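If you're wondering where the values come from, they're calculated on a predicted model, not measured in any experiment.
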Amino acid sequence: MTTSIHITALDGIVNVNSLFTLAVFIGLAWNPSDPTNSLVTDPDCNPTARMAENLVAFHVYSFASFLFSSLVALGLKQAMRLNIATRAHSSFHFSARIDPVVYYVNKTALRFGMVISGLGSVCGCVFLMLALINVVQIKLGRFGCGASGHSYAAVVPLLVLVPCALFIYVSLMLYAFTR
């Protein structure tokens with residue numbers, strides 16, 4: 001037995017993933033090889049073709065991860081809704097009142113699905129972070145270059161805040177998994 005809290009959590013996953021998927025989709029439309037899209041003035045700091053390739057690859061991986069996570073979450077929600085409808089109609093005494101707060105589902109399957117959906121979101125965030133690191137190098141210059149102080153200033157908060165947020169997210173997800 002589970003409650004609407006799980007439905008709310010799944011809705012949250014789908015909503016956040018939708019926003020990230022939109023951001024990734026817009027990011028894929030950007031042309032990284034356009035020379036007018038860079039603020040780099042030192043030719044030694046120009047981005048490599050490999051950075052542009054990584055940017056596109058990480059965007060695609062991120063898009064796939066967020067889409068996977070959202071589809072698993074939506075599938076879990078649909079399974080819960082179908083289960084309550086099936087139970088209501090299979091009973092000999094059909095009750096006119098169905099409590100929309102309580103859904104009867106296989107708890108193990110629900111937990112497994114929520115963990116898989118959460119892991120998809122985590123992978124999507126990691127790939128999006130890697131794509132953003134490549135965006136910074138393309139726009140502001142490579143890290144190994146002497147003129148890349150702005151690149152480091154842009155990436156350090158990203159490398160600190162995103163892993164911290166992912167740690168909190170995974171910790172809370174594992175806590176909920178054990179309850």
- Item | Beyond-backbone contact of Tyr169 with Cys125, side-chain heavy atoms, under 4.5 angstrom | no
- Taking the side chain as C-beta and beyond, is there a heavy-atom pair between Glu53 and Thr48 under 4.5 Å? no
Side-chain heavy atoms under 4.5 angstrom apart, residues restricted to Ile, Leu, Val, Met, Phe, Trp, Tyr: same cluster for [X] and [Y]?
X: Phe167; Y: Val170; result: no
X: Met129; Y: Phe143; result: yes
X: Leu130; Y: Tyr152; result: yes

- Message: Between Ser62 (side chain only) and Phe58 (backbone N and O only), is there a donor and an acceptor less than 3.5 Å apart?
- Response: no
- Message: Between Ser65 and Tyr61 (side chain of the first, backbone of the second, donor and acceptor by atom type, cut-off under 3.5 Å), is there such a pair?
- Response: yes
Which distance, rounded to the nearest 0.5 Å, do you find between the [atom1] of [X] and the [atom2] of [Y]?
X: Leu132; Y: Leu159; atom1: CG; atom2: CG; value: 10.5 Å
X: Ser151; Y: Arg142; atom1: OG; atom2: CZ; value: 10.5 Å
X: Ser121; Y: Phe68; atom1: OG; atom2: CZ; value: 10.0 Å

- Message: Among Asn54, Leu128, Val155, Leu55, which residue satisfies the side chain to side chain contact (heavy atoms under 4.5 Å, CB included) criterion with Ile133?
- Response: Val155
- Task: Heavy atoms only: give me the nearest Ala109-Leu76 pair and the separation to one decimal.
- Result: O-CD2, 4.2 Å
- Grab the two heavy atoms, one from Ala154 and one from Leu140, that are nearest each other, plus how far apart they are. CB-CD1, 4.2 Å
